[in-house]
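Step one of this worksheet: look at the structure below.
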Amino acid sequence: MFNSISMTYLSATISECLGIKPPMEAEKSAPMVAERVQAKCHKPVDRVLIYNPDALGMWMFQKYTSEFAPVMERTELELPVATVMPSVTPVCFGTMYTGVLPGVHGIKSYTKPVIKTDSLFDALARAGKKTAIVAVEDSSMAIIFSGRDIDYFFTKDDKAAEETATELIRDGEYEVIICYNQEFDDVMHESTPESEISLAAMHHHIDAFARLSDTVKESWKQYDSLVVCATDHGTHVDETGYGNHGDYIEEDINVIHYYGIYPKTEL
Ligand SMILES: [Zn+2]
């Protein structure tokens with residue numbers, strides 16, 4: 001059974017939470033998120049942090065639930081989401097940040113062209129929201145949304161990406177910050193999703209989201225803020241015995257996205 005909310009939901013949902021026009025072709029938003037923002041903040045949020053860990057599928061959350069406590073403690077909504085096919089990184093992030101299916105944004109296999117379709121980053125720029133993407137150099141997220149009127153910060157590894165995102169949150173200049181991390185996807189391809197190094201990577205991502213969310217709470221006190229933990233697809237062990245993804249199976253398609261709403265605590 002696949003989750004009922006399509007990965008196409010995210011761009012319109014974030015746009016609604018910020019009170020801006022969504023990307024031009026974006027499909028419908030998910031229920032509840034913008035309503036919860038309105039209930040808690042009585043207006044759209046001022047700021048958004050999105051953390052994108054690669055490949056942390058729903059079954060990891062189902063099996064290692066208590067390990068995800070740092071994420072659950074900092075969020076209040078968990079949305080079951082079905083990603084798109086083929087369930088590989090550039091295809092899924094392409095859909096996440098345009099709100100359209102792969103047949104529309106054009107990445108239909110593991111390739112990393114620049115997407116021409118109107119994206120959340122174009123919508124943010126049109127709305128005058130100062131936006132930063134922080135990602136490891138040469139990763140899909142560092143390439144496929146190039147050329148927008150936003151700022152890009154490319155780092156040598158995940159740790160440096162988290163450090164850069166932390167500095168940007170503290171500096172306060174950016175209203176929307178996206179931070180992409182890839183360790184889990186990297187190491188599970190070299191082993192299995194439940195190998196020692198993969199579970200360590202899962203923890204690194206959980207802890208990075210927790211630290212970034214705490215930095216938002218400390219540094220964005222004068223702003224109503226939304227924090228989001230949104231992965232792109234899941235994983236499974238394939239016939240070679242190694243971790244993989246890309247198939248139309250629950251393990252690869254079903255993911256969970258987490259939302260935390262932090263109303264301002266200072267005027
Ligand atoms: Zn991925």
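Small disclaimer: the values here were computed from a predicted structure and weren't measured. First listed ligand is number 1; within each ligand, the first listed atom is number 1. Quick note: numbers below take in every heavy atom, side chains included, and nothing from hydrogens, waters or symmetry partners.
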- Name whichever N, O or S atom of D232 ends up nearest to the Zn ion (ligand 1). OD2
- Query: So, D252 side chain and G246 main chain: donor-acceptor pair closer than 3.5 Å or not?
  - Reply: yes
- Message: Using 2.8 Å as the threshold, say whether any N, O or S atom from H233 sits that close to the Zn ion (ligand 1).
- Response: yes
- Give a yes or no on whether the backbone of S11 and the side-chain of S15 come within a donor-acceptor separation of less than 3.5 Å. yes
- Quick one: list whatever passes side chain to side chain contact (heavy atoms under 4.5 Å, CB included) with T83, sequence neighbours left out. M7, S87, C92, H233, I253
- Task: Could you pull out the atom name of the N/O/S atom in D54 that is nearest the Zn ion (ligand 1)?
- Result: OD1
- Query: Are D149 and R126 ion-paired here, with the side-chain N under 4.0 Å from a carboxylate O?
  - Reply: no
- Does Q182 put an N, O or S atom under 2.8 Å from the Zn ion (ligand 1)? no
